Amino acid sequence: MPVTPPLPFSEAVRRAVRAIPRGQVRSYAQVALYAGKPGAARGVGRELKTLEGVPWWRVIRSDGTLAPAVAPEQARRLKAEGVQVKRSGEHFRVQT
DNA sequence: AATATGACCATAC
DNA sequence: TGTATGGCCATAT
């Protein structure tokens, strides 16, 4: 019996991120888990950098802060969908 | 081929 | 409350 070939990491991530409902957020680790690669959070961030057509701004860090590299734009987009974002010192943080 | 570098995370101290 | 360490994954050099 042929086994179902695992999706390439990039496709698995695309699927996982597109599944995040508007107005909600998930952590890089949660996306990695949903994509079938528990522990591959870093790879998720790496993919989001190039992936197109996905709501990348709904992916945040586990501690609720936004990755510095894209924080300002991400905060803007999240607020646009009603997610409360607050500046916390050096970085932005999503209100739970 | 080997190493370094990130939109990261969990654990240990 | 910080810093260190090891794990993870795809590029870049």
Side-chain angles (χ1 to χ4, degrees):
Chain A
M1 280 291 275
V3 293
T4 63
L7 288 174
F9 189 58
S10 60
E11 287 308 311
V13 170
R14 180 191 298 281
R15 245 177 14 111
V17 175
R18 280 173 53 105
I20 306 174
R22 178 189 165 82
Q24 292 194 28
V25 297
R26 295 287 184 288
S27 73
Y28 291 91
Q30 286 178 322
V31 171
L33 189 65
Y34 195 95
K37 295 279 185 180
R42 192 161 203 165
V44 172
R46 184 64 186 71
E47 290 301 330
L48 286 191
K49 192 158 67 170
T50 62
L51 245 42
E52 312 212 0
V54 301
W56 56 265
W57 56 92
R58 313 217 261 242
V59 184
I60 68 176
R61 289 175 168 175
S62 290
D63 63 1
T65 63
L66 307 184
V70 291
E73 177 64 9
Q74 185 169 18
R76 192 182 71 71
R77 290 175 180 252
L78 283 176
K79 288 178 192 167
E81 1 185 282
V83 176
Q84 295 220 334
V85 183
K86 173 186 176 184
R87 194 172 5 255
S88 165
E90 289 298 313
H91 41 256
F92 293 87
R93 173 179 293 283
V94 169
Q95 302 299 295
T96 55

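Everything quoted here is computed from the prediction, not taken from an experiment. The chains referred to below are lettered A, B, ... by the order of the sequence lines, with proteins before strands, and numbering in each begins at 1.
- The CD atom of A:Q24 lies 12.0 Å from the CG atom of A:L78; values are rounded to the nearest 0.5 Å.
- Mapping heavy-atom proximity under 4.0 Å, the span of DNA chain C touched by chain A runs 5' to 3' from C:dG7 to C:dT11.
- More than 12 heavy atoms of other residues, nucleotides or ligands sit less than 6.0 Å from atom CD of A:Q95.
- Looking at A:L66 and A:V85, their side chains come closer than 4.5 Å, going by heavy atoms from C-beta outward.
- Inter-residue side-chain proximity for A:P8 and A:R14 is flagged as unmet; no heavy-atom pair is nearer than 4.5 Å.
- Of the residues A:E47, A:R15, A:R18, the one that meets the side chain to side chain contact (heavy atoms under 4.5 Å, CB included) test with A:V54 is A:R18.
- For DNA chain B, the outermost nucleotides in 5' to 3' order that have an atom under 4.0 Å from a heavy atom of chain A are B:dG6 to B:dA10.
- Within the 4.5 Å cutoff, the side chain of A:W56 has heavy atoms near those of the A:Q74 side chain.
- Cluster membership for A:L33 and A:I60, using ILVMFWY side-chain heavy atoms within less than 4.5 angstrom, is not shared.
- Applying the side chain to side chain donor-acceptor pair (under 3.5 Å) criterion to A:R76, with sequence neighbours excluded, gives A:E73.
- If you check residues 72-86 of chain A against DNA chain C, you find no residue with a heavy atom closer than 4.0 Å.
- For the pair A:E81 and A:W57, the minimum side-chain heavy-atom distance is below 4.5 Å.
- Applying a 4.0 Å cut-off to non-hydrogen atoms, the residues of residues 38-70 of chain A that approach DNA chain C are A:G39, A:A40, A:R42, A:G43, A:R46, A:E47, listed by residue number.
- The residue A:Y28 sits close to a base: some heavy atom pair falls under 4.0 Å.
- No donor-acceptor pair under 3.5 Å is formed between the side chain of A:R42 and the backbone N or O of A:Y28.
- Contact between A:A35 and A:A12 at its shortest, heavy atoms only, is O-CB, 3.6 Å.
- In this structure, the side chain of A:R58 engages the main chain of A:I20 through a donor-acceptor pair within 3.5 Å.
- Taking each heavy atom of A:F92 and A:A75 in turn, the nearest pair found is CD2-CB, 3.9 Å.
- DNA chain C contains the following stems of three or more consecutive Watson-Crick or G-U pairs, with both distances under 3.5 Å: B:2-6 with C:9-13, B:8-13 with C:2-7.
- Nucleotides C:dT13 and B:dA1 place their C1' atoms 12 Å apart, quoted to the nearest Å.
- Here the side chain of A:R93 pairs a donor or acceptor atom with the backbone of A:D63 at under 3.5 angstrom.
- Comparing the C1' positions of B:dA7 and C:dG2 gives an interatomic distance of 22 Å, to the nearest angstrom.
- Within the model, atoms CG of A:L51 and CZ of A:R46 stand 11.0 Å from one another, a figure rounded to the nearest 0.5 Å.
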